[in-house]
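Written out below as structure tokens is the structure these notes cover.
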4 protein chains.
Amino acid sequence: MNISKAGDDGTPRSAGSGHDERRARTQRAVLDATRELLAENGFGNLTVEGVAARSGVAKTTIYRRYRSKNDLALAVLLDMVDEVSTQPYAADTWSELVSLVDRTVELMCTSLMGLVMKGLVSEVAADPELARVYRDRVVSHRLADVSALVERGISRGELRADLDSEMVTDLLLGPIYYRFFLSGAAMDDGFGQRLVTTLRPSFAS
Amino acid sequence: MNISKAGDDGTPRSAGSGHDERRARTQRAVLDATRELLAENGFGNLTVEGVAARSGVAKTTIYRRYRSKNDLALAVLLDMVDEVSTQPYAADTWSELVSLVDRTVELMCTSLMGLVMKGLVSEVAADPELARVYRDRVVSHRLADVSALVERGISRGELRADLDSEMVTDLLLGPIYYRFFLSGAAMDDGFGQRLVTTLRPSFAS
Amino acid sequence: MNISKAGDDGTPRSAGSGHDERRARTQRAVLDATRELLAENGFGNLTVEGVAARSGVAKTTIYRRYRSKNDLALAVLLDMVDEVSTQPYAADTWSELVSLVDRTVELMCTSLMGLVMKGLVSEVAADPELARVYRDRVVSHRLADVSALVERGISRGELRADLDSEMVTDLLLGPIYYRFFLSGAAMDDGFGQRLVTTLRPSFAS
Amino acid sequence: MNISKAGDDGTPRSAGSGHDERRARTQRAVLDATRELLAENGFGNLTVEGVAARSGVAKTTIYRRYRSKNDLALAVLLDMVDEVSTQPYAADTWSELVSLVDRTVELMCTSLMGLVMKGLVSEVAADPELARVYRDRVVSHRLADVSALVERGISRGELRADLDSEMVTDLLLGPIYYRFFLSGAAMDDGFGQRLVTTLRPSFAS
DNA sequence: GACTAAGCGAGACGGTACGTCGCGTCTTAAA
DNA sequence: TTTAAGACGCGACGTACCGTCTCGCTTAGTC
């Protein structure tokens, strides 16, 4: 039944017991099932019982790891976030900014990430503990990405030296989330380009 | 305010009988209780039974008017939105923009509106019907406010003529909501001023 | 408004108000609707709201006359009982007995009476007030019928002189109700004949 | 950490699965509570919520086993029926018949059985499914008892050979139920004796 | 090569809230 | 005065999922 003795599948295998592998397999089954259900029915209709049924993992086992539905959804979110690679370098800063915006838009609009975010945003906004984790694991990474980009842009002489990275992040991501969560306005292929073009006079040195 | 509006939702009838007054009183009790609970516990923890208990209105009566929790929350949201006045004129466009940002920040951070929004944003984002109503009743009003402001700014010669009102709205409100919902960054008194100052080169003619 | 001073339709007419006629019409509508619903859905599914809807009479009006569902059902029962004629004379006592049994069987099995009885028997059995009225209006009439029949039989010399009418009633009707309510055994055309034939040695002088 | 398997908490630990035992305890708690409430308030006032409160068993658990109030009441009825022993032998058939009648009367008039029967008779009469179960579990047993008794009586030479057991059952039980449900006539100690005495000429060989 | 212990499945359970049904009361307005 | 219309408080319904618990079974790694 269990074949791969030599876990070369990327599953973390510490010096500890071989139980780890079993744990990891269960983990994957749960997260995958959760992600699927999230995609199919939305966050509001996600149920632990459903996840248990879909994943073949006992409800008890799920509760052994995630204290609540939110915990579970958060785990899925973080699981997905980990897959998001950092921004690549581009020829000039403006292209990097457009790329950052477009990648974010695509992430929200085409992957499950968007669906999960829609379902979790209220929780993140309202639950301080969840908010803390979200900031540590997501917001701060994004801010770090933008900071690095801004630093490079300044040293390249393309961006004004007094630019505040946090404000830049707000101005790049805020419009995306506002449209995505509230206004519902479409974000087509040219959105990133237009946004950055609009902002360029404010950012340029 | 509790006068029946253009009759598009919670106030399904007219036929002005004496029952209307009773209806109206019940309506207020329900909406007030819902708003309070929404602010206290968030949408996820809002329960119709809780609303019934808090408002003194029977659960059945609530269900007679609102088919679901979403319906109820929506009614509260619209009830609150009606209280938000449009933006006032100011000496120059930049002041008007700062005022608009500051007013929005204050609305979100000091009134119940912010808590309600935190609780409802996931629902608005996920439920198409709710989204539609929210856009019709809130987003479009905000856009109209900004459009008027932009028009004035252009005719005053302060704003560039090709400015897109929707983009302006995104850039003014997006950062606020991003901070409010996700990043958790504080928005102090100078926030509006700094935001508008940053954006000025992009907006100015 | 149609006022008929000369109410000669059997409707009770006191001070000669036309209201009486209106009352009577309402009464009939309610009782008819109740009987129909009783037959269709059984007592357990009888609802005052249903009666109001079916009869076109306001719920309030029904409550003005019948304090409870039982009251209403009882009224229907009595209304039907009044339609049941007393037993006719026959050539000999045995034929009269067979006739009495057969008529009762037919009444229960083919008319609405049976369905109403099935629905009401629990209420009659459990509610002392209803039981009292049922006995006064139904049981006692049946006993009187049987008593008269027994008296005649004795004076004809066909029945033993010490026959207890109540016991006779029990032995004639008990089997019918037992089958009808509980055992579910069929009662075909020959049932009355067989029952009376079986009992004849016990009853004969 | 391993505590002795021998139950030290007062809970008996038998060979069976622990779940079974728990189930059984829950079952008893529910049936007992139901029977008590039935006795105290009658069938009409029996509520599943009441049973849950009285028994300490969660409402959901009750619904996991009994689909409806009737199901529950039926279970109580069958639970009681199982306790009713079959008729004992007596010196002669007539005594056995009297005993059968008297035992039935006592069962109906002094135990909870009567109360439950009063409450359920309408349901049994009206609901085909319930009727089927009732016949399988109760009526048929009673008929079997009487059949055996009649067989013995015939072979003893006390009863006529052509006696129909079903008719005998009707004549013995019908009067009891008729009085119990409808006529309300008392059934004192001598009732069985009088009934059998009346019927003797019809039954005797 | 049995022993130990962790991970797990199974599922009964107490509990909260759901959204619904029907009750019986009350108020108003029309006939 | 009687009725129709209908809002309302209320109690219970039967359901969905929650999160907890106890029970054995399986599966390593250890003695």
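Please read all numbers here as calculations on a predicted model, not as lab measurements. Order of the sequence lines fixes the chain letters, A, B, ..., with proteins taken first and strands second; residue numbering starts at 1 for each chain.
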Taking A/T61 for the side chain and A/V57 for the main chain, is one N or O donor matched with an acceptor at less than 3.5 Å?
no
Would you indicate which nucleotide in F/dC18, F/dA7, F/dA5 comes nearest to any side-chain atom of C/A58?
F/dA5
With distance as the sole test, does A/D127 use its side chain to make a donor-acceptor pair with the main-chain N or O of A/E123 at under 3.5 Å?
no
From CZ of B/R67 over to C1' of E/dT20, roughly how many Å is that when rounded to an integer?
15 Å
Along DNA chain F (nearest heavy atom to each residue), the more 5'-positioned of B/G56 and A/L46:
B/G56
base_contact_polar (E/dG7 base, A/R65 side chain, donor-acceptor, <3.5 Å):
no
State whether the distance check finds a donor on one side and an acceptor on the other, under 3.5 Å, for side chain A/R25 versus base E/dG7.
no
For A/R23 and E/dG7, is the shortest distance between a side-chain N/O and OP1 or OP2 below 4.0 Å?
yes
Looking only at side-chain N and O atoms, does A/Y63 come under 4.0 Å of OP1 or OP2 in F/dG19?
yes
Starting from the 5' end of DNA chain F, give me the residue, B/E49 or A/T47, whose nearest nucleotide shows up first.
B/E49
Nearest-Å distance for atom pair CZ/P, residues C/R28 and F/dT3
16 Å
Using a heavy-atom cut-off of 4.0 Å across all strands, would you classify B/R64 as base, sugar-phosphate, or nothing?
base
So which of C/V76, C/V48, C/L72, C/V51 actually passes side chain to side chain contact (heavy atoms under 4.5 Å, CB included) with C/Y66?
C/L72
When only distance counts, do a donor and an acceptor, one from the side chain of B/K59 and one from the base of E/dG19, lie under 3.5 Å apart?
yes
Between B/T61 and F/dG9, is there a contact of a side-chain N or O with OP1 or OP2 at under 4.0 Å?
yes
Looking at every strand, decide which applies to D/G50 at a 4.0 Å heavy-atom threshold: base, sugar-phosphate, or nothing.
nothing
Whole-Å distance between F/dA7 P and B/Y66 OH?
14 Å
Would you find a donor on one side and an acceptor on the other, under 3.5 Å apart, between the side chain of D/S122 and the backbone of C/S122?
yes
Can you tell me how far the CG atom of D/L120 sits from the CG atom of D/L130, to the nearest 0.5 Å?
6.5 Å
Is any side-chain N or O of C/T60 under 3.5 Å from a base N or O of F/dG6, one able to act as donor and the other as acceptor?
yes
Interatomic distance, C/K59 atom NZ to C/T47 atom OG1 [nearest 0.5 angstrom]
9.5 Å
When the distance from CG of D/N41 to P of F/dA12 is rounded to whole Å, what number comes out?
11 Å
Within this structure, what is the CG-to-C1' distance between D/N45 and F/dA12, rounded to whole angstrom?
12 Å
Nearest whole Å is fine: how far is F/dG6 P from C/I62 CD1?
15 Å
A/Q27 CD to E/dG7 P: how many Å, rounded?
12 Å
Does a side-chain N or O from D/T26 land closer than 4.0 Å to OP1 or OP2 of E/dC13, or not?
yes
Whole angstrom value for the distance that separates P of E/dA17 from CG of B/N70
18 Å
